[in-house]
Amino acid sequence: MQNHGAFQVFFSYSPMALFYPVFGSLKIIFGPFEQCLNCKKNFEKNMKMMKRLSEELDSLKEDIELRISAECHAGTMQTEEVKNWLEDVQRIKSETEVIEQKAGDKKFLSGAFLGKKVEVKVVELKAFLKKGKTFLGLVKYFRYIIIGGGVAAGYAAREFDRQGLKPGELAIISKEAVAPYERPALSKGYLNPKGAARLPEFHVCVGSGGERLLPGWYKEKGIQLFLSTEIVKVNLGSRTLISAAGETFKYQTLIIATGSTVIRLTDFKIEGADAKNIFYLRELEDADELAESMKAKKNGKAVIVGGGYIGLEVGAAMRINNFDVSMIYPEPWCMPRLFTPAIAAFYESYYANKGIKIIKGTVAVGFNANPNGEVTGVKLNNGRVLEADIVVVGVGARSLTTLFKGQVEEEKGGIKTDKFFKTSMPGVYAVGDVAAFPIKLYNEVRRVEHVDHARKSAEQAVKAIKASETGKEIEEYDYLPYFYSRSFNLSWQFYGDNVGDTVLFGDNNPSSPKPKFGSFWIKDGKVVGAFLEGGTPEENKAMAKIARLQPRVENVDQLKKEGLAFASKI
Ligand SMILES: Cc1cc2nc3c(=O)[nH]c(=O)nc-3n(C[C@H](O)[C@H](O)[C@H](O)COP(=O)(O)OP(=O)(O)OC[C@H]3O[C@@H](n4cnc5c(N)ncnc54)[C@H](O)[C@@H]3O)c2cc1C
């Protein structure tokens, strides 16, 4: 108050008071000019702001359009209000472009006037952004997102934690209702008649002898698990993911770990293939349904369609559960992509000794069902009909790449990556079953649908992501293919490449109390692949070493005679 008074006194009694009316008039005359000058002063700053907001609006528009195109799954986005907003955005975009053009035109001199226009446009753009964001709801932003909550996702999470992760930085989005688990258990321990494996027993990373990551572990680390959440739309350009429920996720770095899906007989329109009690095995839900049905159809008849590792493992599990089991497959021997006829002959005889009927060189052409829609029989292409209470189909899988079609380079049915699992799209990595990556040892791009690679590729990708943030370098992925399977009391492991000539060694008599035999694959005079049934951990290690080092073979007969001893010497 006092100061104010002093001010008044100064103006009332000082000579300055004489000029006061003059200042006032000048202000009236020059006020608008002064305002325009101020606009011009802020011109540069506002132009930058206008450009940034315009880009932000572009990306928001894309997200909203993406969400609209996902509407078949999600909420109720296609309202009149949203449509009007999209039209208005188009208009404001054109107007902004005109301003930008004029600003770039050196002959355009009335900068002050343009400055005012930019200022108005900035206000307008901000209002549009605010409104647009309300259509999307809350966008969930994470530094890292993993799509898929399977084996690779779990191992990636552990590696992020090892490398240093702040709470809230990582999210895993999974279609499944449970935290990442060791998928191979589903066709093994999960189907045991007694003491069957159940979650939380086999959450990752127990399969490789590591710590079991329970849901509480993710919580404790500040890793968000979005379970029962399917991503239905992806825009890698704007780094946006949309879920079936309509949530929007944004990321800085994405890891694609969507794995594979089973090939279904309904895909080939096989008659009756949609009958009840015809099962596939990929996710926990599938295993639960099969286990339920096994209880309901106790001691019944089971037909296994397919002679791959799912067929062999589930066939054995059904037999152990006292089902009368038949297996059918079109090939002349089981596991034809890996086994030689000699290896396959052992397993086929072993299975026959256990009472499993194997019908080779045949396919299912249709299914019979009872009035309840439950399968009762499998029609074969040779006219035979096999009675069935339960059918389990294991005819292969295909990698889940559909969401990313046209957005990343693909190869060999998967997403092409480099040795660090980086895809062709910056900030996007692909691991596990979906990745088509270079195998250094064979100088070839391949896809590997096995758990060991899912684990290791996930770890490699995370190491690469973290290293790229700090400008460090890591070693290239140098993978030695490794597959395994277990059924009955059998257990085999394979390392390397199954190409070239083969040498069988050891005791492959299916009636032996403890059969132990193996095979080497020899290409260009070197051992490139090694298979062993019934090996100890040390023996399996020796087989891995031989496949990695690829020693020269001077005498094939000697190799056959020495067998495991040859590997142990290396
Ligand atoms: C029954 C069975 C037994 C097996 N046994 C063996 C074995 O003995 N030895 C061996 O080496 N390998 C085995 N495998 C193969 C091994 O499990 C796979 O190679 C491995 O799981 C691949 O890991 P991944 O993380 O790439 O994919 P997955 O483990 O399949 O995980 C993919 C995840 O992504 C989720 N997902 C997919 N699409 C979306 C989406 N749009 N939105 C959200 N989530 C999505 C899926 O629901 C799933 O949770 C077996 C596989 C099966 C099914």
Side-chain angles (χ1 to χ4, degrees), residues 70 73 145-157 171-191 197 202 204 207-208 225-234 241-245 247 249 254-263 279-287 290 306 308-314 316-317 335 338 392-394 396-404 414-415 421 429-435 437 447-459 461 481-487 490-495:
H73 304 272
I145 289 185
I146 304 174
I147 313 187
V151 175
Y155 280 76
I172 295 177
I173 306 175
S174 179
K175 197 157 64 69
E176 290 188 83
V178 292
Y181 59 89
E182 303 282 2
R183 196 166 305 286
L186 299 183
S187 52
K188 302 176 183 68
Y190 208 84
L191 304 178
F202 58 97
V204 298
S208 58
L225 286 179
F226 291 92
L227 302 176
S228 306
T229 304
E230 184 181 8
I231 294 299
V232 291
K233 281 272 168 184
V234 171
L241 315 174
I242 310 280
S243 77
E247 296 148 295
F249 296 88
L254 179 72
I255 300 183
I256 301 171
T258 42
S260 306
T261 187
V262 291
I263 294 173
F279 297 102
Y280 298 84
L281 195 52
R282 183 74 208 178
E283 301 193 342
L284 190 74
E285 227 180 353
D286 305 324
L290 175 60
Y309 69 90
I310 297 281
L312 286 168
E313 290 184 5
V314 178
M335 286 280 286
L338 175 64
V392 182
V393 184
R398 62 178 176 78
S399 68
L400 279 170
T401 58
T402 326
L403 283 173
F404 317 97
I415 296 172
F421 295 97
Y429 292 71
V431 295
D433 283 8
V434 284
F437 65 100
R447 225 158 46 73
V448 175
E449 288 179 1
H450 291 279
V451 74
D452 177 62
H453 159 69
R455 294 167 181 154
K456 289 180 176 153
S457 58
E459 288 171 357
Y482 161 52
F483 323 138
Y484 75 89
S485 181
R486 287 193 301 271
S487 56
L490 304 172
S491 166
W492 60 257
Q493 305 212 345
F494 168 80
Y495 298 92

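Everything numeric in this text was worked out from a predicted model, so none of it was measured. One-based numbering, in listed order, for ligands and for the atoms of each. Along the sequence shown, residues carry numbers from 1.
Of the polar atoms of Ile147, none of the N or O atoms is found under 3.5 Å from an N or O of ligand 1, judged by distance alone. Below 3.5 Å of separation, one finds an N or O of Val151 facing an N or O of ligand 1. Distances between N or O atoms of Asp433 and those of ligand 1 include at least one value under 3.5 Å. On a distance-only criterion, His450 and ligand 1 share at least one N/O pair closer than 3.5 Å. Residue Tyr484 has at least one nitrogen or oxygen atom sitting less than 3.5 Å from a nitrogen or oxygen atom of ligand 1, judged on distance alone. By the 3.5 Å distance cut-off applied to N or O atoms, Ser485 is not counted among the residues near ligand 1. On a distance-only criterion, Arg183 and ligand 1 share at least one N/O pair closer than 3.5 Å.
Panel note: side chain Thr258, backbone Gly148; no donor-acceptor pair is recorded below 3.5 Å. Using a distance-only test at 3.5 Å, with no hydrogens or angles considered, a donor-acceptor pair links the side chain of Arg447 to the main chain of Asp433. For the pair Ser399 (side chain) and Thr401 (backbone), a donor-acceptor distance under 3.5 Å is absent.
Of the protein's non-hydrogen atoms, the one nearest atom 47 (O) of ligand 1 is Glu283 OE2, 2.6 Å. Looking from atom 27 (O) of ligand 1 to the surrounding protein, the closest heavy atom is Gly259 CA, 3.2 Å. Of the protein's non-hydrogen atoms, Ile310 CD1, 3.4 Å is the one closest to atom 1 (C) of ligand 1. The protein heavy-atom contact nearest to atom 45 (C) of ligand 1 is Lys175 CB, 3.8 Å. What sits closest to atom 38 (N) of ligand 1 on the protein, heavy atoms only, is Thr258 CG2, 3.5 Å. Closest protein heavy atom to atom 30 (O) of ligand 1: Arg282 NH2, 2.7 Å. Counting protein heavy atoms only, atom 41 (N) of ligand 1 is closest to Ile231 O, 3.0 Å. The closest protein non-hydrogen atom to atom 3 (C) of ligand 1 is Ser187 OG, 3.2 Å.
Taking CG from Leu403 and NZ from Lys233, the interatomic distance works out to 9.0 Å, rounded to the nearest 0.5 Å. To the nearest 0.5 Å, atom CZ of residue Phe404 and atom CG of residue Leu254 are 6.5 Å apart. One distance of note links CD1 of Ile147 with NZ of Lys175; it measures 12.5 Å at 0.5 Å rounding. How far OG of Ser228 is from CD of Glu285: 8.5 Å, rounded to the nearest 0.5 Å. Atom-to-atom distance recorded for Ile310:CD1 and Leu281:CG is 5.5 Å, nearest 0.5 angstrom. Summarising the geometry, atom CZ belonging to Phe226 is positioned 9.5 Å from atom OG belonging to Ser243; distances are rounded to the nearest 0.5 Å.
Nearest approach of Ala454 to Val151, heavy atoms of both residues: CB-CG1, 4.0 Å. In terms of heavy atoms, Val314 sits closest to Ser187 at CG2-CB, 4.1 Å. The shortest non-hydrogen separation linking Tyr484 to Pro184 is OH-CB, 3.5 Å.
Closest to atom 35 (C) of ligand 1 by heavy atom, among Ala435, Gly148, Gly207, is Gly148. The nearest non-hydrogen atom to atom 15 (C) of ligand 1, considering only Tyr155, Tyr309, Tyr181, Tyr190, comes from Tyr309.
If you look at Glu449 next to ligand 1, the close heavy atoms, those under 4.0 Å, all belong to the backbone. Under 4.0 Å from ligand 1, heavy atoms of Ser174 appear from its side chain as well as its backbone. Residue Lys188 touches ligand 1 through its side chain alone, judged by heavy-atom distances below 4.0 Å. Contacts of Ile173 with ligand 1, taken as heavy-atom pairs under 4.0 Å, involve the backbone alone. Residue Val451 touches ligand 1 through backbone and side chain together, judged by heavy-atom distances below 4.0 Å. Residue contacts with ligand 1, taken as heavy atom pairs separated by less than 4.0 Å, do not involve Arg486 at all.
The contact set between ligand 1 and Ala257, taken as ligand atoms under 4.0 Å from a residue heavy atom, comprises 32 (C), 33 (C), 34 (O). Within the listing of ligand 1, atoms 33 (C), 34 (O), 35 (C), 49 (O) sit less than 4.0 angstrom from a heavy atom of Gly149. When each atom of ligand 1 is checked for a heavy atom of Leu400 under 4.0 Å away, the hits are 37 (C), 38 (N). In summary, the atoms of ligand 1 found under 4.0 Å from a heavy atom of Leu403, numbered by their order in the structure, are 41 (N).
Between Arg282 and Glu176, none of the side-chain N atoms (NZ, or NE/NH1/NH2) sits under 4.0 Å from a carboxylate O, so this pair counts as no salt bridge.
Between Phe437 and Phe421, the ring planes lie tilted relative to each other; the angle falls in the 30° to 60° range. By the 30° and 60° cut-offs, the orientation of the rings of Tyr482 relative to Tyr495 is parallel.
Assignment of Thr229 to the shell around ligand 1 is supported, since a heavy atom sits closer than 4.0 Å. Remark: distances from the non-hydrogen atoms of Glu313 to ligand 1 include one below 4.0 Å.
Ring centroids of Tyr309 and Phe483 are separated by 6.0 Å or more, keeping the two rings apart.
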